[in-house]
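Below is one structure; the comments refer to it alone.
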Amino acid sequence: SMSLTRKEIFKACTELAWAGDVAGLWHALDSEESGSCSLEDLSGAEGRALALFRKWAEDGYKSVKGGFNALVRARRIKNNPKKELDKRNFVAACASLNCSFQG
């Protein structure tokens, strides 16, 4: 999902050995005390764009990984064994595969 629970935040902070105030971080993230924090809560436009990308990838390619693989193939990136996409290639590949961030 595009949201995190308190438990997930605490676990991630522990795994990252983050020495900050985890309880304070959670309180700031879940200011509405809903029990979860979504990306859209943090940054609405970016969260919506990511959600639209995820839907496109899962609907067309069964997973986000499948969607990224399709984008890499669409750009036919040569001499790139890591199959990385820079911003320019990502945007061009999205356009060529009709992946829109407008909903």
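Each residue takes its place number in the sequence, starting with 1.
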Return the minimal non-hydrogen interatomic distance between A70 and Y61, and the atom names on each side.
CB-CE2, 3.5 Å
Distance from D30 atom CG to S3 atom OG, nearest 0.5 Å?
10.5 Å
To the nearest 0.5 Å, atom CD of E8 lies from atom CH2 of W26 at 8.5 Å
So which heavy atom on G67 is nearest to which on A57, and how close?
CA-CB, 3.9 Å
For V22 against C13, the heavy-atom pair lying closest together
CG2-CB, 3.8 Å
Heavy-atom distance under 4.5 Å between the side chains of L50 and R54, does that happen here?
no
W56 and L71 have their tightest heavy-atom pair at CH2-CD2, 3.9 Å
Between K55 and D59, which heavy-atom pair has the shortest distance, and what is it?
NZ-OD2, 2.6 Å
Approximate separation, where rounding is to 0.5 Å, of R73 CZ and L97 CG
9.0 Å
Between S63 and G66, the two heavy atoms sitting closest are OG-N, 2.9 Å
Distance, nearest 0.5 Å, that separates SG of C37 from CD of E32:
9.5 Å
Do S100 and L52 have side chains that approach each other closer than 4.5 Å (heavy atoms only, starting at C-beta)?
no
Are F53 and V64 side-chain neighbours, meaning at least one heavy-atom pair lies under 4.5 Å?
yes
